[in-house]
Participant: 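Shown below is the structure under consideration.
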Amino acid sequence: MINIIFCKNPVSLRDTFFSGQSFRWKKHSDNDSVFVSVMHDTPVVFMQRDSGILRIDSPRETIDGTGVTEWVKNYLSLDIDNSMLFDHDFRNRYPEIMQLVDDFEGLKLLRQDPFETAVTFMCAQGIGMPLIRRQVALLCERFGRPFIVETEGMRHVLYSFPSPDRLAGVPAEALRLCTNNNCRRAVNIRRMAGAVADGKLDFRRLAASGMQIELIREELCRFDGIGPKIADCIALFGLGRFDAFPIDTHVRQYLAGWFGLHRAEMTLTEKNYLRLQGEVRSILKPELAGYAGHLLFHCWRRKVKGLLTA
DNA sequence: TGCCAGGTGTACT
DNA sequence: AGTACACATGGC
């Protein structure tokens, strides 16, 4: 089953997946334009003909109950045009930043699965991207379902992301082998997964339109291992809340370095974190602050820090 | 060697 | 309300 999508605006799979969105896609051989994964128990191959044409190869006609084409459009947030992220004011005030950001016209922020997003960012506390990527890969290999993905004469063995009830049933001692040997993290993930499996944590309800971002954060932060930053990451990447603005160590750096926000250099207590978000809302469009922030995040890492490891 | 990496919870003043 | 520290390990 092959679908061709003509994109109105440029899309760069390489930049998008490099930026850590998602941790679940693998490069096909050394080809930068072909990526493979298993999404919602469906093997999927992305091929990029050019920045405006995507070919999607999937053995099934639907992913997650929706048509493949519709799913991809939503997943890649093709409804968001990167040129609308920064207003006239911002462009005038920070022309040198815009010059850097314009190179990432095709970088997309993915609308990912909320449970997968939650687990992934619970694995992302104070450690580097390679270690996060390894944890996610181990979780999938040990507790996901295997799939063979064949494309262009190559075979990949890929794994689905484990379901909530599967992870909830894994003893913490076994789970910690996948969570960087961190026992507390394993326990926290297990508990959160159990709540999702029991319906006590309902991501669909949190994703409903009209939910206040403060309420989403409050519900997520009830779980050990989820603080304001991770809650905002779940909202941004997993619930499609592009107004959510997670502040991590990289974001702090560019808020200080590019925008001169002194508060970004202070210790981030919860109060300080919220205040800093308030200051950001006066610089970036509030309804797309998180999306714009993701571009700045990627840009800062790539162009200023020179980081090449995703 | 020492510091930094997509933080959070707890135990102190 | 603010600060210090443990958690764990790899990369540079």
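Letters A, B, ... are given to chains in the order of the sequence lines, protein chains preceding strands, and every chain is numbered from 1. Below, all heavy atoms of this structure are taken into account, side chains as well, without hydrogens, waters or symmetry copies.
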Participant: Heavy atoms under 4.0 Å is the rule here; annotate nucleotides 7-12 of chain C 5' to 3' with B where the base is hit, S where only the sugar-phosphate is, and - elsewhere.
Facilitator: SBBS--

Participant: Short of 4.0 Å, heavy atom to strand atom, which residues of residues 221-235 of chain A count as contacting DNA chain B?
Facilitator: A:F223, A:D224, A:G225, A:I226, A:G227, A:P228, A:K229, A:I230

Participant: Closer than 4.0 angstrom, basic N to acidic O: yes or no for A:K303 and A:D103?
Facilitator: yes

Participant: Mind calculating the distance between CZ (A:F121) and P (B:dA5) to the nearest angstrom?
Facilitator: 16 Å

Participant: Does A:K305 make a side-chain N or O approach to OP1 or OP2 of B:dA5 shorter than 4.0 Å?
Facilitator: yes

Participant: Under the criterion ring-ring contact (aromatic ring centres under 6.0 Å, His included), I'd like the reasoning laid out for A:H294 against A:F237: C-alpha separation, chi angles, the key distance, then a yes or no.
Facilitator: CA-CA 10 Å; A:H294 183 61; A:F237 300 109; 5.4 Å; yes

Participant: In terms of the nearest nucleotide of DNA chain B, which residue is placed more toward the 5' end: A:N188 or A:A124?
Facilitator: A:A124

Participant: For the pair A:K27 and A:D32, find out whether any cationic side-chain nitrogen is under 4.0 Å from an anionic carboxylate oxygen.
Facilitator: yes

Participant: Work out which heavy atom in A:I216 is nearest to a heavy atom in A:R241; give both atom names and the distance.
Facilitator: CD1-NH1, 3.7 Å

Participant: Need one value for A:Q135: base, sugar-phosphate or nothing, where a base atom within 4.0 Å counts as base even if backbone is also close, heavy atoms only.
Facilitator: nothing

Participant: Taking CD from A:Q253 and P from B:dG7, how many angstroms apart are they, rounded to a whole number?
Facilitator: 10 Å

Participant: Take A:R185 and A:D224, measure what salt bridge (Lys or Arg N to Asp or Glu O under 4.0 Å) needs, and give me the verdict at the end.
Facilitator: CA-CA 9 Å; A:R185 176 176 300 155; A:D224 276 352; over 6 Å; no

Participant: If I pick the P atom on B:dC3 and the same atom on C:dA4, what distance separates them, to the nearest angstrom?
Facilitator: 15 Å

Participant: Between B:dG6 atom C1' and A:F237 atom CZ, what is the distance in whole Å?
Facilitator: 8 Å

Participant: When rounded to the nearest Å, what value does the distance between C1' atoms of C:dA1 and B:dG6 take?
Facilitator: 27 Å

Participant: Starting at CD of A:E270 and ending at C1' of B:dG9, how long is that distance when rounded to a whole Å?
Facilitator: 12 Å

Participant: A quick test of your reading: do over 12 heavy atoms of other residues, nucleotides or ligands sit less than 6.0 Å from CZ of A:R60?
Facilitator: yes

Participant: Between C1' on B:dA5 and CE on A:M129, what's the gap in Å once rounded to a whole number?
Facilitator: 9 Å

Participant: Using the ring centroid of each side chain, check whether A:F35 and A:H28 are separated by less than 6.0 Å.
Facilitator: no

Participant: Measure CD1/A:I189 against C1'/B:dG9 and give the value in whole Å, please.
Facilitator: 16 Å

Participant: Please report the distance, rounded to the nearest Å, between CG in A:L307 and P in B:dA5.
Facilitator: 9 Å

Participant: Does any part of the side chain of A:P10, heavy atoms only, come nearer than 4.5 Å to the side chain of A:E105, both counted from C-beta?
Facilitator: yes

Participant: P atom, B:dT1 versus C:dG10: distance in rounded Å?
Facilitator: 16 Å

Participant: Taking the side chain as everything from C-beta on, heavy atoms only, tell me whether A:L109 gets closer than 4.5 Å to A:F242.
Facilitator: yes

Participant: Which heavy atom of A:K229 sits nearest a heavy atom of A:I247, and at what distance?
Facilitator: CG-O, 3.4 Å

Participant: Evaluate whether the aromatic ring of A:F297 and the six-membered ring of the B:dG6 base sit under 5.5 Å apart, centre to centre, with an inclination under 30°.
Facilitator: yes

Participant: To the nearest Å, give me how far apart CG (A:L236) and P (B:dG7) are.
Facilitator: 15 Å

Participant: Expressed in whole Å, how much space separates the P atoms belonging to B:dA11 and C:dA8?
Facilitator: 16 Å

Participant: Tell me whether A:D113 is salt-bridged to A:R24, with the criterion being a basic N under 4.0 Å from an acidic carboxylate O.
Facilitator: no

Participant: Detail all sub-3.5 Å separations between protein N/O atoms and N/O atoms belonging to nucleotides 1-5 of chain C.
Facilitator:
unit_1: C:dT3; atom_1: OP2; unit_2: A:T267; atom_2: OG1; d: 3.1

Participant: Given side chains that start at C-beta, do those of A:E279 and A:F259 come closer than 4.5 Å, heavy atoms only?
Facilitator: no

